[in-house]
Amino acid sequence: MQQNIVFSEQALELQAIARKIADEVVRPGAAEHDEKHKYNMEAAKALAAAGLMRTWVPKEHGGHDAGILALSLVAEELAKADSGFGVAFAVNALGSFPIILGGTDEQKARWLPQIAKGEKFVAFCLSEKFAGSDVSGLAVTAVKDGDDYIINGEKKWTTNGGVADIYTVFAVTDPSSKSRRLSAFVVEKGMPGFEIKKIENKMGIRGVPVVETHFDNVRVPASNLIGGREGLGFKHAMMTLDHARPGVAAQAVGASQGALDLANVYANRRVQFKVPLSQHQMVQQMLADMAMKTEAARQMTYAAAAALDEVGPTPKNSKMAAMAKCFASDVAMEVATDAVQIFGGYGFMEDYPIAKFFRDAKILQIYEGTNQIQRIVIARHLIREANELEHLQEFIPVETQETYGAETPEPASTT
Ligand code: CAA
């Protein structure tokens with residue numbers, strides 16, 4: 001697929017601001033925040049003060065409306081300094097997308113200006129203990145009661161939980177329906193019955209809280225039902241993930257570049273057998289592979305983001321977003337693993353940031369859709385696209401198109 005990747009002046013400005021904040025406020029505090037499992041509020045406030053929380057918010061609601069490519073450039077810079085902080089930033093966009101993509105005008109006007117100013121942080125409550133990949137299996141319920149809905153149940157792995165003020169929560173409103181089972185609601189911090197319970201003790205991205213959110217008869221006004229109609233939740237969740245996945249890919253690109261830069265500097269300083277490591281061909285090969293993979297991931301990420309900015313959500317762009325997320329996060333894990341290898345024994349020590357890059361990379365292959373789910377999404381699109389390739393049919397051996405014993409071959413399955 002051909003794609004123009006156009007970097008607007010504004011996107012490049014936002015990238016430069018993000019790089020400065022990453023260098024001055026994020027990287028210096030990364031080790032301490034990781035060790036203490038502490039959120040970098042100073043850096044978050046710096047992002048808000050510099051206007052970076054406006055990046056993805058529409059202009060009419062106080063945002064820059066700079067697009068997914070700009071969001072990706074910012075997330076990449078932050079993740080290069082600290083992968084955990086990359087997601088701490090990007091998850092605000094993830095949590096806002098249901099409102100931006102599916103909210104009513106009144107809902108957008110109510111919440112988006114506060115998000116744009118950085119006065120309120122956002123979280124996205126989709127996953128549950130018994131339903132992660134299988135979104136249609138959610139169990140949290142929202143039952144209509146007069147002018148309100150009553151929400152009950154538990155959500156798992158809410159990133160930014162506790163820090164966030166606004167939570168977009170997916171709940172079952174019609175258990176009898178398959179395709180219109182879910183609806184999304186805005187739940188605000190402090191609503192009676194809404195509590196942050198278990199704060200997870202994580203392998204990586206320790207600087208951003210990931211928590212269980214509990215809903216015990218939480219009464220929310222019907223005006224908090226995103227889109228104002230029941231049954232749109234699954235679609236809102238999928239559209240949100242399509243828009244957010246290039247941002248995860250960008251976090252992965254930043255993480256790869258951060259690990260590669262450290263490994264590169266180390267390989268040029270560390271002397272073994274009387275020459276720097278970078279003079280040994282086996283290390284050169286590793287560095288070259290790390291650089292190639294990182295650059296390929298970057299181009300794929302920018303292409304996926306630019307495609308969304310240019311033509312909006314389409315099946316092809318959903319596939320591109322899944323491909324970028326999957327490829328870039330696999331690359332981040334590989335590059336971080338090789339970077340640790342180049343650091344040798346030092347790489348295994350928590351005294352140096354490279355171990356953190358390794359620990360942080362793993363979750364990129366899991367959150368916002370595991371890479372197995374991304375491959376399912378990609379394969380389903382490919383199977384559908386095969387129908388557009390009918391002109392190639394004449395080149396396929398005829399006998400492979402006939403099924404012995406069956407008059408009509410089964411159509412290709414997409415499950
Ligand atoms: N955009 C719009 N609509 C979509 C869509 C998309 N991308 N994908 C599917 N739909 C629609 C379908 O058209 C279908 O609509 P109809 O019923 O009207 O025909 C409906 O949604 C159901 O689609 P599927 O049959 O494809 O659904 P499925 O049950 O097979 O699930 C899935 C598809 C891709 C596996 C999906 O469940 C999925 O993406 N799972 C992964 C969930 C995920 O990413 N979770 C991450 C949690 S968030 C997180 O990690 C945040 C954090 O902490 C940082």
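Since we're looking at a predicted model, the values are computed, not measured. Heads up: numbering here begins at 1 and tracks the sequence. In listed order, ligands and their atoms are each counted from 1.
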Using only heavy-atom distances, determine whether the side chains of [X] and [Y] contain a donor-acceptor pair under 3.5 Å.
X: Gln365; Y: Asp330; answer: yes
X: Ser318; Y: Asp242; answer: yes
X: Thr301; Y: Ser72; answer: no

Option of least heavy-atom distance to [atom] (set: [options]):
atom: atom 49 (C) of ligand 1; options: Glu128, Lys178, Arg181, Glu368; result: Glu368
atom: atom 39 (O) of ligand 1; options: Met238, Gln372, Gln374; result: Met238
atom: atom 52 (C) of ligand 1; options: Thr159, Thr370, Leu126; result: Thr159
atom: atom 16 (P) of ligand 1; options: Lys235, Gln251, Met239; result: Lys235

Considering only heavy atoms from C-beta outward, does the side chain of Leu73 approach that of Phe7 to under 4.5 Å?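 Side-chain contact under 4.5 Å: yes.
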
Do Lys155 and Glu212 come close enough that some side-chain heavy atom pair is under 4.5 Å?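 Answer no - side chains too far apart.
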
So does [X] pair up with [Y], basic N to acidic O under 4.0 Å?
X: Lys120; Y: Glu188; answer: yes
X: Lys45; Y: Glu42; answer: no
X: Glu350; Y: Lys356; answer: no
X: Arg27; Y: Asp23; answer: yes
X: Glu200; Y: Lys198; answer: yes

Would you say [X] touches ligand 1, if touching means a heavy atom closer than 4.0 Å?
X: Lys319; answer: no
X: Arg380; answer: yes
X: Ile376; answer: no
X: Val248; answer: no

Assess the pair Phe121 and Trp111: is the distance between their ring centroids shorter than 6.0 Å?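 Aromatic pair excluded; centres sit 6.0 Å or further apart.
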
Ligand-side contact atoms (ligand 1) for residue partner [X], heavy atom cut-off under 4.0 Å:
X: Ser133; answer: 37 (O), 38 (C), 40 (N), 41 (C), 42 (C)
X: Val377; answer: 34 (C)
X: Gly369; answer: 43 (C), 44 (O), 45 (N), 46 (C)
X: Val135; answer: 37 (O), 40 (N), 42 (C)
X: Trp157; answer: 53 (O)
X: Ser127; answer: 47 (C)
X: Leu94; answer: 51 (C)
X: Leu241; answer: 43 (C), 44 (O)

Could an N or O of ligand 1 be found under 3.5 Å from any N or O of Tyr367, whether backbone or side chain?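 Between Tyr367 and ligand 1 (N or O atoms, distance only) the closest approach is not under 3.5 Å.
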
What about Asp242: any of its N or O atoms under 3.5 Å from an N or O on ligand 1?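 Such a contact does occur with ligand 1.
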
So which heavy atom in the protein is nearest atom 35 (C) of ligand 1, and how far is it from that ligand atom?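 Atom 35 (C) of ligand 1 sits closest to the protein heavy atom Ile373 CD1, 3.8 Å.
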
Could you find the nearest protein heavy atom to atom 27 (O) of ligand 1 and give me its residue, atom name and distance?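 I find the closest protein heavy atom is Phe234 CZ, 3.5 Å.
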
Under the criterion ring-ring contact (aromatic ring centres under 6.0 Å, His included), which of Phe124, Phe185, Phe234 is the partner of Phe170?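 Exactly one pass, corresponding to Phe124.
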
Considering residues at least two apart in sequence or located in another chain, which fulfil the salt bridge (charged side-chain N to carboxylate O under 4.0 Å, His left out) criterion with Glu390?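 In terms of salt bridge (charged side-chain N to carboxylate O under 4.0 Å, His left out), with neighbours along the sequence ignored, Glu390 is linked to no residue.
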
Can you check whether a protein heavy atom sits less than 4.0 angstrom from [atom]?
atom: atom 22 (C) of ligand 1; answer: yes
atom: atom 12 (C) of ligand 1; answer: no
atom: atom 32 (C) of ligand 1; answer: no
atom: atom 18 (O) of ligand 1; answer: yes

Between Arg245 and ligand 1, find which residue part has any heavy-atom pair under 4.0 Å and reply side chain, backbone, both or neither.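 Under 4.0 Å from ligand 1, Arg245 contributes side-chain atoms alone.
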
Among Ile21, Val74, Val26, side chain to side chain contact (heavy atoms under 4.5 Å, CB included) partner for Phe89: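 Going through the options one by one, the only one that passes is Val74.
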
Reference residue Asn160; test side chain to side chain contact (heavy atoms under 4.5 Å, CB included); the match among Leu94, Ile166, Val91, Val210: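 Between Asn160 and the candidates, side chain to side chain contact (heavy atoms under 4.5 Å, CB included) is satisfied uniquely by Val91.
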
